[in-house]
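Notes follow the structure.
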Amino acid sequence: MKEIESLEISVDKLIDYRKLGTTIPLLSRFPLRIDQTATIQTGDQFVRLEYQGQIKGFQSFFSTINGLLNSPEAQANVNLKITFEFEQAILSQGTELNAIQQALDRNPVERINLAAKVKY
């Protein structure tokens, strides 16, 4: 039986960043860590933000970044990575993985990088 010890989901396209960012609150019941970098230029303003931590702190950064991205002349490079570290490995066909998939399906991301640490 295959078990998953950790799962890493990441995106680096703006539309996928926004979609995955809106999915994160749906994943709050799982032990996860967020790593985010965003470099945004709007006219003569330049902002670079990095965040590493839990969901609570991420929400305020995500709202701020989305506000900056709404500017018509905004150009951005973004990267968002969510890492799930399970204390006890979860089943590859289990309810936890199914719940993660359902959350991701609510606002589907087109280009996603996925890595899993599997125990046999």
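Keep in mind that what you see is a predicted model, and the values were worked out from it rather than measured.
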Could you grab the distance from atom [atom1] of [X] to atom [atom2] of [Y], nearest 0.5 Å is fine?
X      : Y      : atom1 : atom2 : result
Thr83  : Lys117 : OG1   : NZ    : 12.5 Å
Glu8   : Glu85  : CD    : CD    : 9.0 Å
Asn113 : Leu80  : CG    : CG    : 11.5 Å
Ile82  : Ile9   : CD1   : CD1   : 5.5 Å

Practice problem: Kindly check if the number of other-residue, nucleotide or ligand heavy atoms within 6.0 Å of CZ (Arg111) is above 12? | Solution: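 Atom CZ in Arg111 is packed in, count exceeds 12.
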Quiz item: Near Glu73 CD, under 6.0 Å, is it more than 12 heavy atoms from other residues, nucleotides or ligands?
Solution: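 Counting other residues, nucleotides and ligands, CD of Glu73 exceeds 12 neighbours.
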Quiz item: Do Asp35 and Arg33 sit within salt-bridge range, that is, some charged N less than 4.0 Å from a carboxylate O?
Solution: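 Yes, this pair counts.
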Practice problem: Might you point out which heavy atoms bring Ile4 and Ser6 nearest each other, and give the distance in Å? | Solution: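 Looking at all heavy atoms of both residues, the closest pair is CG2-O, 3.3 Å.
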Quiz item: Do you know which two heavy atoms are closest between Leu27 and Ile100, and how far apart they sit?
Solution: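 Smallest heavy-atom distance, with atoms named: CD2-CA, 4.0 Å.
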Starting from [Y], can I reach [X] by hopping between I/L/V/M/F/W/Y residues whose side chains sit under 4.5 Å apart?
X      : Y      : result
Leu32  : Ile112 : yes
Val47  : Phe61  : yes
Val109 : Leu69  : yes
Ile55  : Leu104 : yes
Leu114 : Ile15  : no

Quiz item: After noting the C-alpha distance and the side-chain angles of Ile24 and Thr22, does the key distance pass the side-chain contact (heavy atoms from CB on, under 4.5 Å) rule?
Solution: CA-CA 6 Å; Ile24 289 176; Thr22 62; over 6 Å; no
Self-check item: No-hydrogen, no-angle side-chain donor-acceptor test under 3.5 Å, Asn77 and Thr39
Solution: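 Short answer, no.
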Practice problem: Report yes or no: do Tyr17 and Gln36 form a side-chain donor-acceptor pair below 3.5 Å? | Solution: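 Note: Tyr17 and Gln36 side chains meet the donor-acceptor criterion.
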Mark yes or no for whether [X], through its side chain, and [Y], through its backbone, hold a donor-acceptor pair below 3.5 Å.
X     : Y      : answer
Asp16 : Asp12  : no
Lys19 : Pro108 : yes
Ser71 : Leu68  : no

Practice problem: Applying side chain to side chain donor-acceptor pair (under 3.5 Å), run through Thr23 and Asn107 and close with a yes or a no. | Solution: CA-CA 7 Å; Thr23 301; Asn107 197 3; 5.2 Å; no
Practice problem: Would you check, one step at a time, whether the test side-chain contact (heavy atoms from CB on, under 4.5 Å) holds for Phe30 with Leu7? | Solution: CA-CA 11 Å; Phe30 297 102; Leu7 191 63; over 6 Å; no
